[in-house]
Amino acid sequence: MDREMLWHDDQYLFRITSTFGWEDVISICDSLVFGIETAASTQCNGGLHDNEVDADEEGSNNGYFNDYFNDQNRNEKSLQQWLREGHAQLFYLDQWGNCPLHAASYVKPPLNVIEALFRVGRALWKYGPHFRGQTPIWETSSTDGSTPFLVACSTGASTSVLHAYLDEIELYIDQKWVHPQYARMLVIQPDNQGTNPLMGWMSFHHSWIKRQLEQGNGSMPNSNNQSSSHHHIPRRIGEQGTQSLLDYWNIACRILLFATMNIRPHAPPSTPVLVHRCAAIAIYCPVSLLEWIVAPRQDDKGWAPGDESAATLDNLGKLPIHRALEAVDFSSIFDEDIVHHGADFDGAEEEPDTDIEDTTSRLTNSAAMPPATMIVAAETVCPRMEAILYNNPKLESNRVQIIKKMLQWHPRAATAPFPNGRTPLVQAIAHGGSWHGSDPANDNLGLLRLLWGYAPEQSLDIDPITGLYPFMLAATIRYERNKRNEMEKAQTDTVYNLLRKDPQLVFGALIRNA
């Protein structure tokens, strides 16, 4: 192939990545990084910036480069030319919106291939500040909404590759190239079907992990004392070599931590804290992961059974079920019309942590949206609900399953009020909960029907914030205009079923109004 045509072919890196040309992938990536750094050095009068990497230290260790990159034409390119060419290669998209990092992640790639692709992206962001307003390579979504990290998690990539993804995100955060809270949400960013990386990862490995749990091999040693019993941990031999159950456990805990940084302590991963983390992302967390978390460990330190963990309060008086009921659908922050990255990003920190005391551990408040508030419109004098959380039917079935599991462990949680005085049922109504769900395999069980089954008397409670009965409160919910037609049918069903349980409320309301 003609070398000049090879260079002007923007598909080259994508093509060799798709055909397992791992040595060539590393070669072209290292050559791109070397060319960018050399041009940057030349542009700075032959000297490197203090924060730049010497080309002899990174990018040339492999010793094998594409001939075209090594010839004299390389020295004639300007930094901007190298940046444009590197960007064209790394961010080439096929007809399905897949980039080279997608292509590699689909086929259980070696760690050094992923690291090579990351090095190119890092060089672009380091030497081309104008790129920082764009989406990083690890966050690029295909037409079906899949990010490379979701692909890697769903197709069995090694835990070392997944750790490399998380390390790369942390590097971008440390360099203040991305907003920290948004970047960490990549680990639960769903595709168009509602599948997120955590779900994809547990789905791929669930059978093996479940088999270990059923055989009594699923117990995990405490992370601070791994050496004493590491050889007893079940190990799995695959294409990426041998990986232990502990490797899977560590990546699961790290992904949970990534998505819930506002919950403390960050280490060690005690069971109550992990249960609170799962609850904080209830609509994204696989039930199988929650079950694994409460499975007995070899070392009892930090472990607690499900009933105890589900009953653990934070210093705001919230149980895990409260977090699950307030877990936020982050889909709005993934909309294409919202800018989350920018060259002028000043490194603003996440919202402040709130210290939370607990007899088991120290926790801090999750990034849950505040409870629904009431605004009285002067024209109609009718309450209008804000902060409607349950507006994505695709995700609500998972919330139901997480809360169902927690109620099985701690049934009395259904009667534990929120700090604002609302019972779980009333709070769920205020957030737009439905009586029936959308999962036929689960008898179309909706969140409200689940909560009512554990505390039927709550359908008679008067909301302490609005002064309305539950069926009235359900009728006041105002959904977003683009989802109104979709949700109003479910809303009517919810109002009817709440009233059907206690029809006498109509008579009582008429008397009160009179």
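One-based numbering along the sequence shown. Below, each value reflects all heavy atoms present in this structure, side chains not excepted, and no hydrogens, waters or symmetry copies.
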**Student:** Just jot down the salt bridge (charged side-chain N to carboxylate O under 4.0 Å, His left out) partners of Arg399, sequence neighbours excluded, or say none.
**Tutor:**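 Scan of Arg399 (salt bridge (charged side-chain N to carboxylate O under 4.0 Å, His left out), adjacent residues dropped) gives Glu396.
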**Student:** Between Asp144 and Gln193, is a side-chain contact (heavy atoms from CB on, under 4.5 Å) present by the stated rule, with each step listed?
**Tutor:** CA-CA 8 Å; Asp144 68 354; Gln193 301 301 315; over 6 Å; no
**Student:** Show every salt bridge (Lys or Arg N to Asp or Glu O under 4.0 Å) that has at least one partner inside residues 277-293, sequence neighbours left out.
**Tutor:**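 Residue pairs passing salt bridge (Lys or Arg N to Asp or Glu O under 4.0 Å), neighbours aside: Glu291-Lys405.
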**Student:** Kindly state whether the ring of Tyr92 and the ring of Tyr12 have centres lying under 6.0 angstrom apart.
**Tutor:**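 Not under 6.0 Å, so no.
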**Student:** Got a sec, which residues hit ring pair (Phe, Tyr, Trp, His ring centres under 6.0 Å) with Phe20, two or more places apart in sequence or on another chain?
**Tutor:**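 For Phe20 the ring pair (Phe, Tyr, Trp, His ring centres under 6.0 Å) partners, ignoring immediate neighbours, are Trp22.
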**Student:** Counting distance only, does the side-chain N/O of His322 pair as donor-acceptor with the main-chain N or O of Ala416 below 3.5 Å?
**Tutor:**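 Yes; judged by distance alone, with no hydrogens or angles, the pair exists.
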**Student:** Salt bridge (charged side-chain N to carboxylate O under 4.0 Å, His left out) with Glu115: which residues, sequence neighbours excluded?
**Tutor:**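 If we apply the salt bridge (charged side-chain N to carboxylate O under 4.0 Å, His left out) test to Glu115, skipping adjacent residues, there are no hits.
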**Student:** List the residues meeting side chain to side chain contact (heavy atoms under 4.5 Å, CB included) with Ser160, not counting sequence neighbours, and say none if there are none.
**Tutor:**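 Testing Ser160 for side chain to side chain contact (heavy atoms under 4.5 Å, CB included), a comparison that skips the adjacent residues, returns Leu111, Ser158.
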**Student:** Going by side chain to side chain donor-acceptor pair (under 3.5 Å), name the residues that satisfy it together with Ser154, two or more places apart in sequence or in a different chain.
**Tutor:**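 Residues passing side chain to side chain donor-acceptor pair (under 3.5 Å) with Ser154: none at all.
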**Student:** Taking side chain to side chain donor-acceptor pair (under 3.5 Å) as the definition, give me every residue that meets it alongside Arg412, ordered by chain and number, with sequence neighbours left out.
**Tutor:**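 Expected list: none.
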**Student:** Apply side-chain contact (heavy atoms from CB on, under 4.5 Å) to Tyr284 and Ile402, showing your working.
**Tutor:** CA-CA 10 Å; Tyr284 301 109; Ile402 292 291; over 6 Å; no
**Student:** Could you pull out all residues at least two apart from Asp167 that satisfy salt bridge (charged side-chain N to carboxylate O under 4.0 Å, His left out)?
**Tutor:**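 Only Arg254 meet the salt bridge (charged side-chain N to carboxylate O under 4.0 Å, His left out) criterion with Asp167.
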**Student:** If the condition is side chain to side chain contact (heavy atoms under 4.5 Å, CB included), which residues does Val294 pass it with, not counting sequence neighbours?
**Tutor:**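 Applying side chain to side chain contact (heavy atoms under 4.5 Å, CB included) to Val294 gives Thr271, Val275, Trp409.
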**Student:** Mind checking side chain to side chain donor-acceptor pair (under 3.5 Å) for Asn112 and listing every partner two or more places apart, or none if nothing turns up?
**Tutor:**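 Listed in chain order: nothing, the list is empty.
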**Student:** Looking at residues at least two apart in the chain, or sitting in another chain, which of them share a salt bridge (charged side-chain N to carboxylate O under 4.0 Å, His left out) with Asp443?
**Tutor:**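 For Asp443 the salt bridge (charged side-chain N to carboxylate O under 4.0 Å, His left out) partners, ignoring immediate neighbours, are Arg449.
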**Student:** Measure from the side-chain N and O atoms of Asp30 to the backbone N and O of Ser27, and report whether any donor-acceptor pair falls under 3.5 Å.
**Tutor:**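 Such a contact is absent between Asp30 side chain and Ser27 backbone.
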**Student:** Tyr454: what forms a ring pair (Phe, Tyr, Trp, His ring centres under 6.0 Å) with it, not counting sequence neighbours?
**Tutor:**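 Counting only residues at least two positions away or on another chain, Tyr454 forms no ring pair (Phe, Tyr, Trp, His ring centres under 6.0 Å).
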**Student:** Quick check, are the ring centers of Trp435 and Tyr496 under 6.0 angstrom apart?
**Tutor:**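 That pair fails the under 6.0 Å test.
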